[in-house]
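Below is one structure; the comments refer to it alone.
No experiment lies behind these values; they were computed from the predicted model shown. Note that these values count all heavy atoms, side chains included, but never hydrogens, waters or copies made by symmetry. First the proteins, then the strands, lettered A, B, ... as listed; each starts at 1.
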2 protein chains.
Amino acid sequence: MAVSATDRSTRERILDVAFELFVELGFAGTTVTEIEKQAGLTGGSGGFYRHFRSKQELLRPAIEREVARYMTSIEEANAAQQAVEGLPTPREVWLERMLGYLRLFDPLMRLMLADGHRVPEVREAVTGVLQSLGEQMSWQEEPELTVCVIALGGYHLLSEVQGQPFQGVPQDEFIRMLASMTSDVR
Amino acid sequence: MAVSATDRSTRERILDVAFELFVELGFAGTTVTEIEKQAGLTGGSGGFYRHFRSKQELLRPAIEREVARYMTSIEEANAAQQAVEGLPTPREVWLERMLGYLRLFDPLMRLMLADGHRVPEVREAVTGVLQSLGEQMSWQEEPELTVCVIALGGYHLLSEVQGQPFQGVPQDEFIRMLASMTSDVR
DNA sequence: GTCTATACCAAGATAGAC
DNA sequence: GTCTATCTTGGTATAGAC
């Protein structure tokens with residue numbers, strides 16, 4: 001978690017640890033002192049302020065950096081997907097992969113649900129990422145796939161709310177059931 | 001939002017406004033001063049502390065009170081349901097009703113996702129409520145219904161993340177599609 | 001049971017040495 | 001670019017009058 005002071009640039013390190021802390025503790029619950037400590041600076045020293053004017057000003061770049069990462073992940077995943085194109089993907093495998101993608105977003109989704117309304121501008125950025133993810137499916141052309149992704153998102157988030165698999169339903173059973181309810185998943 | 005000082009007991013008013021504020025601003029982001037103001041007391045006066053020993057001690061009762069409310073809502077809804085039992089409910093109507101139930105939980109789900117891990121004891125209470133809601137369906141007996149509820153939860157929460165209907169999918173179209181994918185919804 | 005006043009401390013932020 | 005030291009604000013919590 002905490003990093004050494006020589007990793008990358010301090011600014012980068014601050015952005016990284018700040019995002020993690022915002023997700024973990026919320027924006028209000030995260031102190032600049034803790035950010036400094038985790039970034040390898042001395043906690044309580046104002047070292048942070050050589051890199052950002054205020055804690056508030058940090059929120060946006062931290063989120064945008066994370067969004068950019070997801071963009072890259074998705075592009076790589078899409079590229080990998082294209083490489084094996086032509087081979088039919090079994091439904092269960094496709095669903096499992098999409099669930100994996102969605103879980104990548106978990107920190108971002110939590111932060112949006114908790115603090116999103118206080119930084120309305122970043123919502124657009126998040127929407128952008130989600131739409132990139134959604135490029136693989138369009139509601140008009142493939143409504144069943146979209147329903148599946150929504151169901152996977154529900155399974156993940158509701159399980160997070162309960163702190164255990166939702167209603168105790170095991171993941172593989174859920175995916176099997178979901179697959180059996182679709183007719184034309186590629 | 002803010003209430004007059006003569007509504008109900010002060011303790012009750014504090015619990016109500018505190019829950020709202022916790023959902024809105026998070027636990028860390030909510031100040032005792034703001035709770036006092038919204039509850040009709042003078043902000044900054046320690047009036048709050050005649051009713052609770054600390055802000056921390058307030059979190060649990062506030063959530064439990066909200067949970068108790070949902071319990072009542074669900075029981076009433078179940079009772080109403082029984083009154084019209086025998087008449088077959090069209091799938092779309094049932095799905096829409098379940099989505100309405102889920103939306104009742106929205107504040108609780110947000111709070112759990114944001115602050116739940118800091119108050120592990122209350123997770124059990126929340127799980128209890130969700131299981132009451134889930135009594136209408138069991139994964140073993142009616143997996144398709146469970147998948148539908150999960151999908152509805154996903155539609156709601158993902159829309160909250162995006163700040164608009166998920167991927168722009170209109171609610172009624174989503175519900176129609178979901179209904180068409182189920183075979184044996186009662 | 002609510003107020004005024006206040007003690008206390010944690011957190012945001014700045015100045016200036018190194 | 002990071003440190004020590006410090007200023008200032010605002011938030012938790014208490015004491016005591018009414």
Side-chain angles (χ1 to χ4, degrees), chain A residues 1-63 65 111 114-115 118-119 122, chain B residues 1-63 65 111 114-115 118-119 122:
Chain A
M1 185 84 83
V3 294
S4 129
T6 53
D7 289 341
R8 311 183 309 288
S9 78
T10 301
R11 185 189 160 87
E12 308 270 295
R13 271 157 29 225
I14 289 177
L15 287 171
D16 284 346
V17 302
F19 183 84
E20 283 177 34
L21 287 168
F22 289 159
V23 171
E24 181 81 9
L25 309 171
F27 179 75
T30 301
T31 66
V32 173
T33 296
E34 189 60 29
I35 293 173
E36 287 171 334
K37 283 185 195 166
Q38 302 257 337
L41 303 181
T42 302
S45 79
F48 169 89
Y49 295 96
R50 295 279 166 180
H51 304 273
F52 297 92
R53 292 161 64 100
S54 70
K55 186 173 112 175
Q56 180 64 40
E57 203 194 56
L58 172 64
L59 185 51
R60 204 189 219 287
I63 292 180
R65 182 177 162 80
L111 193 56
D115 288 304
R118 245 167 298 170
V119 194
V122 293
Chain B
M1 185 83 82
V3 294
S4 132
T6 54
D7 289 342
R8 312 184 306 290
S9 79
T10 300
R11 185 188 160 88
E12 307 269 296
R13 272 156 29 223
I14 288 178
L15 287 171
D16 284 347
V17 301
F19 182 83
E20 283 177 33
L21 288 168
F22 289 159
V23 171
E24 181 82 8
L25 308 172
F27 178 75
T30 301
T31 66
V32 172
T33 297
E34 189 59 30
I35 292 173
E36 287 170 335
K37 282 185 195 165
Q38 302 257 338
L41 303 182
T42 301
S45 78
F48 169 89
Y49 295 96
R50 295 280 165 179
H51 304 273
F52 297 92
R53 293 161 64 101
S54 71
K55 187 173 111 177
Q56 180 64 40
E57 203 194 55
L58 170 64
L59 183 52
R60 203 187 221 289
I63 292 180
R65 182 178 162 79
L111 193 55
D115 288 304
R118 245 167 299 170
V119 194
V122 292

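- With rounding to whole Å, A:Phe48 atom CZ is found 13 Å from D:dT2 atom P.
- Side-chain nitrogen and oxygen atoms of B:Tyr49 include at least one within less than 4.0 Å of the OP1 or OP2 phosphate oxygen of D:dA13.
- When the P atom of C:dA13 is taken as reference, atom CD1 of A:Ile14 falls 13 Å away, rounded to whole Å.
- As rounded to whole Å, 9 Å separates atom P of C:dA11 from atom CD of A:Glu34.
- With sequence neighbours left out, the salt bridge (charged side-chain N to carboxylate O under 4.0 Å, His left out) criterion links B:Arg11 to no other residue.
- Going from atom NZ of A:Lys37 over to atom C1' of C:dA11 covers 12 Å, rounded to whole Å.
- Taking every side-chain heavy atom of B:Leu41 into account, C:dC3 is the closest of C:dC3, C:dG12, D:dG11.
- The base of C:dG16 is paired with the side chain of A:Arg50 by a donor and an acceptor separated by under 3.5 Å.
- Looking at heavy atoms from C-beta onward, B:Thr31 lies out of side-chain contact with B:Lys55 at the 4.5 angstrom threshold.
- You'll find that the side chain of A:Ser54 is closest to C:dA13, out of C:dT2, C:dG12, C:dA13.
- Distance check: B:Leu25 CG to A:Asp115 CG gives 9.5 Å after rounding to the nearest 0.5 Å.
- Side chain of B:Glu36 to main chain of B:Phe48: a donor-acceptor pair is present (N/O by atom type, distance under 3.5 Å, no hydrogens or angles).
- For the pair A:His51 NE2 and C:dG12 P, the interatomic distance rounds to 16 Å; values are reported in whole Å.
- In the set C:dG12, D:dT12, D:dT2, D:dT12 carries the atom at the smallest distance from any side-chain atom of B:Val32.
- Separating the CD atom of A:Glu36 from the P atom of D:dG1 is a distance of 15 Å, rounded to the nearest angstrom.
- Comparing B:Gly47 and A:Ser45, the nucleotide of DNA chain C nearest to each residue sits closer to the 5' end for B:Gly47.
- Between A:Thr10 and D:dT2, a side-chain N or O to OP1/OP2 separation shorter than 4.0 Å is present.
- Nucleic acid contact for B:Thr42: sugar-phosphate only, since backbone atoms but no base atoms lie under 4.0 Å from a heavy atom of the residue.
- A:Ile35 has its CD1 atom 10 Å from the P atom of C:dA13, to the nearest Å.
- Side chain of B:Lys55, nearest nucleotide from C:dG12, D:dT12, D:dT2: D:dT12.
- One distance of note links CG of A:Leu41 with NE2 of A:His51; it measures 6.0 Å at 0.5 Å rounding.
- In this entry the distance linking CG of A:Leu21 with P of C:dG12 reads 12 Å, nearest Å.
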